[in-house]
Amino acid sequence: MNILKVKKDNQPIIIFDGICNVCNHWVQFVIKRDPKGIFKFLSLQSDLARSLIINHNLINTQLDSIILIDKGQMYTESTAILHIINKLTGPIRFFILFWIIPKRIRDRVYRFIAKNRYRFFGKKESCLVPSKEIQNRFIKTEIESGKINE
């Protein structure tokens, strides 16, 4: 899949650290609370993710973050999380009240957790491999069996 096709699809994309345990749990959490399947997922380690990040002029210090691309806008850190929560179902929506906390404070807490995520939660040796039931939620970027998956 290329960057132009991703832009035309216009579905919200969550870019996440594919080897981070807490990030992978967050992706599973979102999938369970997104019954309409509006979110697509992309590993931060993929070439497509790097292209999208460069295209949105994201700086390297923000790469310890869940990244949300929605309607041409890129959101990081606590703002990305709150935008995602706003589109989910269930009691988790209560947490959108965190919008009242100043971004500077929200992001400081987010950065502390992000900086220590491997130490607190561990990491995987390789990126998450989605089960067949949820494969369609992940943007395929790898060459498999000699053809590009789109």
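Worth saying up front: this structure is predicted, and the values here are computed from it rather than measured. Positions are given from 1 along the sequence.
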Verdict with supporting geometry, Ile84 and Ile66, side chain to side chain contact (heavy atoms under 4.5 Å, CB included): CA-CA 10 Å; Ile84 293 166; Ile66 292 284; 4.0 Å; yes
Evaluation steps, side chain to side chain contact (heavy atoms under 4.5 Å, CB included), between Lys115 and Phe120: CA-CA 10 Å; Lys115 182 179 177 182; Phe120 293 162; over 6 Å; no
N/O donor-acceptor pair under 3.5 Å between Arg137 side chain and Phe39 backbone: yes
Minimum-distance pair of heavy atoms, taken over all atoms of Met74 and Ile67: CG-CG2, 3.5 Å
Distance-only donor-acceptor check, side chains Asp70 and Gln11, under 3.5 Å: no
Heavy atoms of other groups near Lys103 NZ, more than 12 under 6.0 Å: yes
Sidechain N-carboxylate O distance under 4.0 Å for Arg106, Glu77: no
Parallel, tilted or perpendicular, as decided by the 30° and 60° cut-offs, for the rings of Phe16 and Phe138: perpendicular
Donor-acceptor pair, side chain of Arg108 and main chain of Ile105, under 3.5 angstrom: no
Flag, side chain of Asn21 to backbone of Phe121, donor-acceptor distance under 3.5 Å: yes
Residues forming a ring pair (Phe, Tyr, Trp, His ring centres under 6.0 Å) with Tyr118, sequence neighbours excluded: none
Hphob cluster co-occupancy, Val22 + Phe29, side-chain heavy atoms under 4.5 angstrom: no
